[in-house]
J.: 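Once you've had a glance at the structure underneath, I'll fire off some questions.
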Amino acid sequence: MSQLAPSATVTPAATYPAIRHGASLLLAFRLENRPVLLIGGGVVASGRLFFLLESGAHVTIVAPLPLDPSIAYRLLSNPEQITHVPRDYQGRSDEIKVENFAMVLTAIDDVEMSREVCHMARERHVPVNVADVPPECDFYFGAQFRRGPLQVMISTQGMGPKIGAIIRDRLAEAIPDDIESAIEGVGELRKDLRKRAPGVGGELGKRRMEWMIKVCEAWPLEDMERFRDQDLRNRILDEGWEKGKVLSPEDVGAETIQERLARWGAGLGDTLRGASVGVVSGAALGAMATYLYLKHAR
Ligand SMILES: C[C@@]1(CC(=O)O)c2cc3[nH]c(cc4nc(cc5[nH]c(cc(n2)[C@H]1CCC(=O)O)[C@@](C)(CC(=O)O)[C@@H]5CCC(=O)O)C(CC(=O)O)=C4CCC(=O)O)c(CCC(=O)O)c3CC(=O)O
Ligand SMILES: NC(=O)C1=CN([C@@H]2O[C@H](COP(=O)(O)OP(=O)(O)OC[C@H]3O[C@@H](n4cnc5c(N)ncnc54)[C@H](O)[C@@H]3O)[C@@H](O)[C@H]2O)C=CC1
């Protein structure tokens, strides 16, 4: 309870949403290069490992052999991100201490050991997830999908993980195709804007944010991938930002052939970088060009 300052005005309660307890705090946890302890080597641990590797964490896995095949594969494919200790975790007597990690996860079929690990982690204020015992989780995983920079997670507060996965599949279907290009385009535009109007906060920061909000509102999601084109970004900044205006897609006109080719070039580059074959034949290039054409032509 706090004492309101005498000058504070209280707005009627109806103005603000009511607090409904029972929610989790949804966050995007940044783990790049941070150490995480993963105990267990089965199929659930394998799912945890995948998401940890994508986040850039360094994972210490303590689990006896045999490991789930996908974990064995990751040990070979991402050795720099994983340390494997091939034995059972011993709880309090183990020389691997929970306090040396940013996060601790157990995915084992030993509830007593899981409970011990949970207590150890909580004593040291290290966030912990125990896959088989929800009350021993400081945070839950959720059903999720990723499209480039976009990540979506569904939580049902532990009530129904499978229904969470079904809802996730429906949401994924509803997201426009190639949303990653739209987000990348906006990211590039924000980066260029910051070069012209650098710094944090202040009047300039306010103007920058107001302008970005208006740009995002003026452009349909499906068109924002065009911001990946440098010439278009320059135009939007020169004729828009510099003059206190916001250009809409109508203002800049339909995409020019040059812009489209530039975007295709970027797309083709990505495709080639992602290709697992070293040599791409002329026929394959032609097929890729057709694919990109169909993908981008509207
Ligand atoms: C609390 C939580 C803790 C945590 O794990 O963080 C938890 C707990 C438990 N799950 C159990 C069972 C199953 N879990 C799944 C699947 C997933 N479980 C996930 C998350 C969570 N599971 C957290 C809450 C999430 C939320 O709030 O919605 C998902 C979303 C994410 C992920 O794990 O990566 C992933 C789907 C990902 C995907 O499909 O993409 C399936 C289905 C399947 O395998 O296909 C089954 C069998 C069917 C069923 O039981 O529904 C049991 C054993 C129950 C028992 O013994 O009967 C417990 C323990 C308990 O409930 O007591
Ligand atoms: N949260 C979730 O989404 C789900 C949770 N579960 C629960 O999660 C737990 C793990 O599930 P699975 O991976 O399917 O089990 P699993 O039986 O395939 O794997 C268990 C792993 O833990 C290892 N292990 C056991 N004691 C250990 C110790 N002291 N130290 C290190 N490793 C140890 C085993 O060697 C094995 O590799 C189970 O209790 C299961 O009920 C199951 C399905 C989904």
Side-chain angles (χ1 to χ4, degrees), residues 20-29 31 35-57 59-76 82-98 100-122 126-147 150-175:
R20 290 170 293 137
H21 290 281
S24 300
L25 181 67
L26 293 188
L27 302 166
F29 210 116
L31 279 172
V36 173
L37 177 60
L38 175 58
I39 302 172
V43 68
V44 174
S46 141
R48 302 294 191 248
L49 180 62
F50 174 80
F51 294 117
L52 289 170
L53 293 178
E54 289 225 312
S55 77
V59 188
T60 298
I61 302 180
V62 185
L65 298 170
L67 296 168
D68 180 86
S70 87
I71 298 182
Y73 171 75
R74 303 289 175 205
L75 283 173
L76 293 174
I82 310 175
T83 302
H84 176 220
V85 183
R87 59 169 173 77
D88 275 342
Y89 190 70
Q90 307 293 329
R92 290 191 186 277
S93 61
D94 206 291
E95 62 188 26
I96 297 173
K97 301 292 179 199
V98 294
N100 295 325
F101 296 88
M103 177 184 280
V104 173
L105 311 173
T106 76
I108 60 181
D109 45 0
D110 179 345
V111 173
E112 279 318 306
M113 179 52 68
S114 278
R115 183 158 295 140
E116 188 168 329
V117 173
C118 169
H119 290 159
M120 289 161 61
R122 285 186 173 166
V126 180
V128 62
N129 174 281
V130 172
D132 45 341
V133 191
E136 287 167 10
C137 294
D138 290 336
F139 56 91
Y140 294 150
F141 281 79
Q144 50 181 299
F145 70 94
R146 175 173 177 202
R147 301 239 195 109
L150 176 72
Q151 286 184 263
V152 176
M153 189 187 101
I154 308 297
S155 174
T156 66
Q157 312 307 334
M159 285 191 195
K162 184 61 188 173
I163 190 178
I166 291 168
I167 294 167
R168 180 265 324 274
D169 293 343
R170 283 224 197 153
L171 273 183
E173 271 174 34
I175 303 283

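Note that ligands are numbered from 1 as they come in the structure, with each ligand's atoms numbered from 1 the same way.
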J.: Establish whether atom 5 (O) of ligand 1 and some protein heavy atom are separated by less than 4.0 angstrom.
T.: yes

J.: Hey, looking at atom 51 (O) of ligand 1, which of Met153, Lys162, Glu136, Arg168 has the closest heavy atom?
T.: Lys162

J.: Taking 4.0 angstrom as the limit and counting only heavy atoms of Ala165, give me the atoms of ligand 1 inside it, by number and element.
T.: 39 (O)

J.: For Arg74, run the side chain to side chain contact (heavy atoms under 4.5 Å, CB included) check against Leu67, Ile82, Val59 and tell me which one passes.
T.: Ile82

J.: Closest approach of Val133 and Val111, non-hydrogen atoms and distance?
T.: CG2-CG1, 4.2 Å

J.: Is there a protein heavy atom at a distance of less than 4.0 Å from atom 17 (C) of ligand 1?
T.: yes

J.: Would you please write out the protein residues whose heavy atoms approach any atom of ligand 2 to under 4.0 angstrom, listed by chain and number?
T.: Ile39, Gly40, Gly41, Gly42, Val43, Val44, Arg48, Val62, Ala63, Pro64, Asp88, Tyr89, Ala107, Ile108, Asp109, Met113, Ala131, Asp132

J.: Do protein heavy atoms approach atom 55 (C) of ligand 1 to less than 4.0 Å?
T.: no

J.: Between Gly47, Ala131, Ser155, which one has a non-hydrogen atom sitting closest to atom 7 (C) of ligand 1?
T.: Ala131

J.: Which atoms of ligand 1 have any heavy atom of Thr156 under 4.0 Å away?
T.: 26 (C), 27 (O), 28 (O)

J.: Quick one: does Arg48 get within less than 4.0 Å of ligand 1, heavy atoms only?
T.: yes

J.: For atom 44 (O) of ligand 1, decide whether some protein heavy-atom distance is shorter than 4.0 Å.
T.: no

J.: Indicate yes or no for a side-chain donor-acceptor contact from His84 to the backbone of Ile71 under 3.5 Å, with no hydrogens or angles considered.
T.: no

J.: What atoms of ligand 1 come closer than 4.0 angstrom to any heavy atom of Gln157?
T.: 27 (O)

J.: Decide whether the shortest distance between a heavy atom of Gly164 and an atom of ligand 1 is less than 4.0 Å.
T.: no

J.: Which one holds for Asn129 and ligand 1: side chain close, backbone close, both close, or neither close, with close meaning a heavy atom under 4.0 Å?
T.: side chain

J.: For atom 49 (C) of ligand 1, is some protein heavy-atom partner under 4.0 Å away?
T.: no

J.: Does atom 26 (C) of ligand 1 have any protein heavy atom closer than 4.0 Å?
T.: yes

J.: Under 4.0 Å between a side-chain nitrogen and a carboxylate oxygen: does that hold for Asp132 and Arg115?
T.: no

J.: Answer yes or no: does an N/O atom from Phe141 fall short of 3.5 Å to an N/O atom of ligand 1?
T.: yes

J.: At less than 4.0 angstrom from any non-hydrogen atom of Gly142, what atoms of ligand 1 do you find?
T.: 30 (C), 31 (C)

J.: Run the side chain to side chain donor-acceptor pair (under 3.5 Å) check on Ser24 and Ser155 step by step: do they pass?
T.: CA-CA 8 Å; Ser24 300; Ser155 174; 4.7 Å; no

J.: Measure from the side-chain N and O atoms of Asp68 to the backbone N and O of Gly41, and report whether any donor-acceptor pair falls under 3.5 Å.
T.: no

